[in-house]
Amino acid sequence: VQLQASGGGLVQSGGSLRLSCAASGSIYSIYDMGWYRQAPGKQRELVAIIASGGSTTYANSAKGRFTISRDNAKKTVLLQTNSLRPEDTAVYYCTAEVRSYNPLGPRKVYWGQGTQVTVSS
């Protein structure tokens, strides 16, 4: 199973970016999908999670500015980031909990390679 993230970049404070992550490989089903981020010198932290049924959880820092969504048919998760601030600068990682191959296949959390988001003041 592979997760491919894209959409990061350099943006001015107040700007927006749309991050995308596509899952591929021997996937039977996908449970939670989400985004974490890690700024230089800091621990990786949760940004937002979306369950297979669509329920969402956001970090306080993301509430009201970021929106997570998913397309189950395309096996993708999106993160729309608005009103970006310099403190949002980080590498953003997508994650997905996947059951592989068949209904009894292994269930595991996978991580994408990360996409850099840089917000200038």
For side-chain hydrogen bond (donor to acceptor under 3.5 Å, both in side chains), just list the numbers for Asp71 and Thr76, CA-CA rounded to whole Å, side-chain angles, deciding distance to a tenth of an Å, and then say yes or no. CA-CA 5 Å; Asp71 185 328; Thr76 59; 5.0 Å; no
Using the rule given for side-chain contact (heavy atoms from CB on, under 4.5 Å), can you reason through Leu79 versus Phe66, listing the C-alpha separation, both sets of side-chain angles and the distance that settles it, and then say yes or no? CA-CA 7 Å; Leu79 185 70; Phe66 295 0; 4.2 Å; yes
Cationic tip of Arg44 above Tyr93 ring, under 6.0 Å, 45° of axis: yes
So, is the end of the Arg107 side chain (NZ or CZ) under 6.0 Å from the ring centre of Tyr31 and within 45° of the ring's axis?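 Flagged: Arg107 positioned over aromatic ring of Tyr31.
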Taking all non-hydrogen atoms of both residues into account, name the closest pair between [X] and [Y] and its distance.
X: Arg65; Y: Leu84; answer: NH1-CA, 3.9 Å
X: Ala62; Y: Val47; answer: CB-O, 3.8 Å
X: Asp32; Y: Ser52; answer: OD1-N, 4.5 Å
X: Val91; Y: Gly114; answer: CG1-CA, 3.8 Å
X: Ser61; Y: Arg37; answer: OG-NH2, 3.4 Å
X: Gly8; Y: Val117; answer: CA-CG2, 4.2 Å

Between Gln4 and Ser6, do the side chains contain a donor N or O and an acceptor N or O under 3.5 Å apart? no
Would you kindly say whether Tyr28 and Arg99 are connected by a side-chain donor-acceptor distance under 3.5 Å?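 No, no side-chain donor-acceptor contact under 3.5 Å.
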Kindly work out whether a path of hydrophobic side-chain contacts (I/L/V/M/F/W/Y, heavy atoms less than 4.5 Å apart) joins Val77 to Tyr58.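 As far as the 4.5 Å side-chain criterion goes, Tyr58 and Val77 are connected within one cluster.
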Gap between atom [atom2] of [Y] and atom [atom1] of [X] - 0.5 Å precision:
X: Ile49; Y: Ile68; atom1: CD1; atom2: CD1; answer: 6.0 Å
X: Thr67; Y: Asn82; atom1: OG1; atom2: CG; answer: 6.5 Å
X: Asn72; Y: Met33; atom1: CG; atom2: CE; answer: 8.0 Å

Side chain of [X], backbone of [Y]: donor and acceptor closer than 3.5 Å?
X: Gln38; Y: Glu45; value: no
X: Thr81; Y: Ser16; value: no
X: Thr89; Y: Val119; value: yes
X: Arg70; Y: Gly34; value: no
X: Ser121; Y: Pro86; value: no

Step-by-step side-chain contact (heavy atoms from CB on, under 4.5 Å) determination, Trp35 to Leu46: CA-CA 7 Å; Trp35 292 91; Leu46 170 72; over 6 Å; no
Under the criterion side chain to side chain contact (heavy atoms under 4.5 Å, CB included), which of Leu3, Val1, Ile30 is the partner of Lys75?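 So, applying the side chain to side chain contact (heavy atoms under 4.5 Å, CB included) to Lys75 and each of Leu3, Val1, Ile30, only Ile30 qualifies.
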With disulfide bond (SG atoms under 2.5 Å apart) as the rule and sequence neighbours excluded, what pairs involving residues 73-121 come up? Cys21-Cys94
Those residues that, when tested against Tyr36, pass ring pair (Phe, Tyr, Trp, His ring centres under 6.0 Å) (two or more places apart):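 For Tyr36 the ring pair (Phe, Tyr, Trp, His ring centres under 6.0 Å) partners, ignoring immediate neighbours, are Trp111.
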Tell me, with the steps shown, if Arg18 and Leu78 meet side-chain contact (heavy atoms from CB on, under 4.5 Å). CA-CA 7 Å; Arg18 187 169 180 256; Leu78 304 174; 2.9 Å; yes
Could you go step by step and tell me if Ile27 and Tyr101 meet the side-chain contact (heavy atoms from CB on, under 4.5 Å) rule? CA-CA 6 Å; Ile27 297 169; Tyr101 306 115; over 6 Å; no
Compare all side-chain heavy atoms of Val109 with those of Thr95 and state whether any distance is below 4.5 angstrom. yes
